[in-house]
Amino acid sequence: MTALLTAQLGPLDEARAQLADAVEILGLDEGVAAMLAVPRREMTVAVPLRRDDGSITTFIGHRVQHNLSRGPAKGGLRYSSAVDLDEVRALAMWMTWKCALLDVPYGGAKGGIAVDPRTLSDGELERLTRRYTSEILPIIGPTRDIPAPDIGTDERTMAWMMDTYSTAVGHTVPGVVTGKPLSLGGSRGRASATSAGVALIARAALEHVGIPVRGATASVQGFGKVGRDAARFLAESGCRIVAVSDADGAVTSAAGLDIAALSAYAARTGSVAGFPGGEPIEPARVLELDVDLLVPAAVEGVLHAGNASRVTARVIVEGANGPTTSEADAILEARGTLVVPDILANAGGVLVSYFEWVQANQSYWWTERDVQERLGERMTRAWGDVLDEARRRGVSLRTAATCLAVERVAQAHKLRGLYP
Ligand code: NAD
């Protein structure tokens, strides 16, 4: 793996380096390893948008299906100006491992449009989403590839995608996307499922290292769909959330932030910046505070060689995908920091997406309690599996989780055989 490392590794290099580690440990066939390093299918589309002023702007979108050996592809749709094809490839590969680790019958996919959604009106966002959906229509579907929300998208985006797909095929197909509004066949518990899983794993990880959850201190980077509810669930478990950041600023309070008040403030103003119930703080400092638990829940690569040695949290639970670079991983491991990898920590979202897809395909809706119990049971089982694997192989939780997942995907490939 070290041969691959340079100072400027992007997410795809990181994902491939993690795969290379697992391949070496598992002793996988070189040909299979090479096949797993590249996406099975990818599509890049131009998405022309008629603006509210009548002009046309063309955006670039992607959909990447990394692997289909265990079932249809599954993965989020991201709207961010940072989206590029390599980022989408990396995120699709991580989705393959996440689905395999949680043993849901999916391969991995991801999509994205290079656009800052905050610069578009609601009407423009709807037209952009509908055009992108119609461009990628040939490769998505409830048995092919099922998108879900990610950075910059939400249940409204999924409703537009579902409607566009359904209009094209001539009948309603709720199973084509997950993360839909409840009234359109969404699942109870989906909106906060990723955060519920992050909080569950964070509690387990704190207990694992001997830190009582009640009274533990935590900081959370990112206050969107994942970070906001993760902070809320952790606070409800008795953690003291001492700092929170988003793309526009950060706040801290040694006594603990009032997460309900902060959520209401951020919903009203669009950011946590300026929240009167705390002090402003440099956003980068949120990662380096003296806390028991750090939850990066924003973007990739935020913990890197340049700041990892200043991170003092005893436990890091990755709410975001790919927040820790491999160089940071090595530094944190040497310091004895427990890093719970994304493919385990934030898997609650894809798990309840799977529940939503099952419910949509059967037109039979579960209660909130059904969803929460099954989420808890499967996340706890995956946590136990990863701990056992890490102990057995004497490796980090990330390497253990990746090994478990890669082994399952490689086995599915082997059982199916290579066509022709
Ligand atoms: P979101 O768009 O709802 O929220 C993203 C948040 O991160 C916002 O508060 C934004 O201001 C903040 N942010 C962006 N750049 C930042 C920076 N440099 N520093 C601090 N904050 C920053 O997105 P989300 O759905 O919450 O996704 C967050 C992460 O979780 C992503 O890595 C995503 O891939 C991952 N994830 C999301 C889900 C899901 O169900 N939504 C599931 C699994 C993983």
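Just so you know, ligand 1 is whichever comes first in the structure, and atom 1 is the first atom listed for that ligand. Hydrogens, waters and symmetry mates are skipped; everything else that's a heavy atom, side chains included, is used. For clarity, every value in this text was computed on a predicted model and none was experimentally measured.
A heavy-atom separation below 4.0 Å is found between Gly152 and ligand 1. Heavy atoms of Arg118 come nearer than 4.0 angstrom to ligand 1 in no pair at all.
No donor-acceptor contact under 3.5 angstrom links the side chains of Asp163 and Ser166, judged on distance only. Using modelled atom types and a 3.5 Å distance limit, the side chains of Arg228 and Ser263 yield no donor-acceptor pair.
In this structure, Asp248 pairs ionically with Arg118, as a charged nitrogen and a carboxylate oxygen lie closer than 4.0 Å.
Contacts with ligand 1 closer than 4.0 Å are made by side-chain heavy atoms of Arg190 only, the backbone lying farther away. Heavy atoms from both the backbone and the side chain of Asp246 come within less than 4.0 Å of ligand 1. Heavy atoms of Arg78 found under 4.0 angstrom from ligand 1 belong exclusively to the side chain. With a 4.0 Å heavy-atom cut-off, ligand 1 is reached by no atom of Ala148. Residue Glu300 does not touch ligand 1, judged by heavy-atom distances below 4.0 Å.
Ring planes of Trp366 and Phe355: tilted class, angle from 30 to 60°.
Side chains of Tyr265 and Pro276 form a contact here, defined as non-hydrogen atoms less than 4.5 Å apart.
For atom 19 (N) of ligand 1, the choice among Gln221, Lys225, Glu318, Met95 with the nearest heavy atom turns out to be Gln221. Heavy-atom proximity to atom 15 (N) of ligand 1, evaluated over Thr194, Val299, Thr178, Asp229, is greatest for Val299. Heavy-atom proximity to atom 28 (C) of ligand 1, evaluated over Ala297, Ala247, Gly349, Ala320, is greatest for Ala297.
Remark: ligand 1 and Asn346 share no N or O pair separated by less than 3.5 Å (distance only, no angle test).
Close approach to Ser245 involves these atoms of ligand 1, each under 4.0 Å from a residue heavy atom: 20 (C).
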